[in-house]
Amino acid sequence: MYSSLSHLACTACTATLPADRLATTCPACGKVLYARYDLEQASQTMTTTALTERPWGMWRYAEILPVVDVANRVTLGEGGTPLLATPRLGSTFGIDRLLVKDEGLNPTGSFKARGLAMAVSRAKELGAEALVIPSAGNAGAAMAAYAARAGLPAHVLMPADAPEATKAECHAYGAHVTLVDGLINDAGRVARQLADAFGWFDVSTLKEPYRAEGKKTLGLELADQLGWRVPDAIVYPTGGGTGIVGMWKAFDELESMGLIGSDRPRMIVVQPEGCAPIVRAFEQGETHAAAWQDASTVAAGLRVPVAIGDYLILEAIRASGGTAITVSDADLMEGVRLAATLEGIFASPEAGAAVIATQRLRESGYLTRHDEVVIFSTGSGLKHTDLIAPSLPVIDPDSDNLPETIRHSAQC
Ligand SMILES: *Cc1c(COP(=O)(O)O)cnc(C)c1O
Ligand SMILES: [Zn+2]
């Protein structure tokens, strides 16, 4: 199993670059660079039969991953997450085949592990000496963990109101955390200055080519788990959009390798009402998304007012016949409640947005009973217990009539 990485290519102009040195964005136009592979060569060894012999996890697709030397993999066991049938949620929504891909089970509790494992591995392979990242929370935590694992210094810039658990995680992994009085794009500008000033390598989403390659494994793994086919629809809570564009790239590569056909899932973008630049651009028929002013939502990972990959996200939605939808903060927390109470999946608020959007799209008739729908539960709810904060009865263990009192308060 060798990587058949061949070069980097711009997604917006005709520029190409060698892949054997650190790269950021396109030197000609500033847009997103993608890793490109010799897919013909990859298809010789990455066959369905060969894959049945390999362990689950994101590294099993080595031929179409960018890490050249296996010794440079920085891994904590990311990927290989369950694709769960969710019949109770499905019957509540009126969808016969509803599945949840539970990404909360990744190291550091979110699918950011996939992207950062890959980006940190490649940064190490290509000689980076220190890493810097702007993050709404989960990406910083994942980067801090993988940087610790690689023995590289890590610098994280987070909005001051990022989830407390993610600040604690970064600190625990020994990263240098600085809080920014602003949003993730403000943190991004600070990260850029630090990268320029000190030569730290900036692993901002889609501002280097390899986080998307890690997130691409969401699509590879999904097709693999479904027996080399794709579902009818994918519902994805979208911030920077690395996951959606990564999956879209994955499906094209799999088709070129003869592993899937030309069918594509409808790609459905979900954003909160308080920050929905992609939904607005989709509705207005734009190819780029204007910055969202005064972004505000409890789903921290979706509070991304500007996405450098906006044109790639919009292209994936349109080319797939997908759609884009907003949900309110109250509704996305209801999505968290439904997944937890009906299926035992404690999802993050971002993932709750995808759950409730699925119900809305079924109600509107966009999704039908017969569609096979996959919801991406992108992160774990365990980092967000402050948003649930139940008020619970406290009893005196010596009081009279205890069983009746408790049964009454639990309304059994
Ligand atoms: C970052 C994040 C998202 C958004 O992912 P993108 O691929 O950047 O669009 C969604 N959910 C969670 C839990 C996240 O951490
Ligand atoms: Zn370019």
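Predicted, not measured: the structure shown is a model, and the values here were computed from it. First listed ligand is number 1; within each ligand, the first listed atom is number 1.
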Distance-minimising heavy-atom pair for Arg54 and Thr45
NH2-O, 3.5 Å
Locate the shortest heavy-atom distance separating Gly335 from Val355; write the atom from each residue and the value.
O-CG1, 3.7 Å
Using only heavy-atom distances, determine whether the side chains of [X] and [Y] contain a donor-acceptor pair under 3.5 Å.
{"X": "Glu103", "Y": "Thr81", "answer": "yes"}
{"X": "Thr242", "Y": "Arg211", "answer": "no"}
{"X": "Tyr311", "Y": "Thr11", "answer": "yes"}

Near the Zn ion (ligand 2) (protein N/O/S, cut-off 2.8 Å, waters excluded) we have Cys10 SG, Cys13 SG, Cys26 SG, Cys29 SG
Name the atoms and distances for all side-chain donor-acceptor pairs under 3.5 Å in residues 144-161, with sequence neighbours left out.
unit_1: Tyr146; atom_1: OH; unit_2: Glu78; atom_2: OE1; d: 2.6
unit_1: Arg149; atom_1: NE; unit_2: Thr75; atom_2: O; d: 2.7
unit_1: Arg149; atom_1: NH2; unit_2: Thr75; atom_2: O; d: 3.2
unit_1: Asp161; atom_1: OD1; unit_2: Arg303; atom_2: NH2; d: 2.8
unit_1: Asp161; atom_1: OD2; unit_2: Arg303; atom_2: NH1; d: 3.1

Quick one: side chains of residues 172-195, donor-acceptor pairs under 3.5 Å with protein atoms, not counting sequence neighbours, listed by atom name and distance.
unit_1: Asp186; atom_1: OD1; unit_2: Arg189; atom_2: NH2; d: 2.5
unit_1: Asp186; atom_1: OD2; unit_2: Leu183; atom_2: N; d: 2.7

Near ligand 1 (heavy atom, under 4.0 angstrom), the protein residues are Phe111, Lys112, Asn138, Lys215, Tyr236, Pro237, Thr238, Gly239, Gly240, Gly241, Thr242, Gly243, Gly301, Leu302, Ser348, Glu350, Thr378, Gly379
Testing Ile234, Thr238, Leu367, Thr358 one by one against Ile268 for a side chain to side chain contact (heavy atoms under 4.5 Å, CB included), which residue passes?
Leu367
Salt bridge or not between Glu213 and Arg122? Use side-chain N to carboxylate O under 4.0 Å.
no
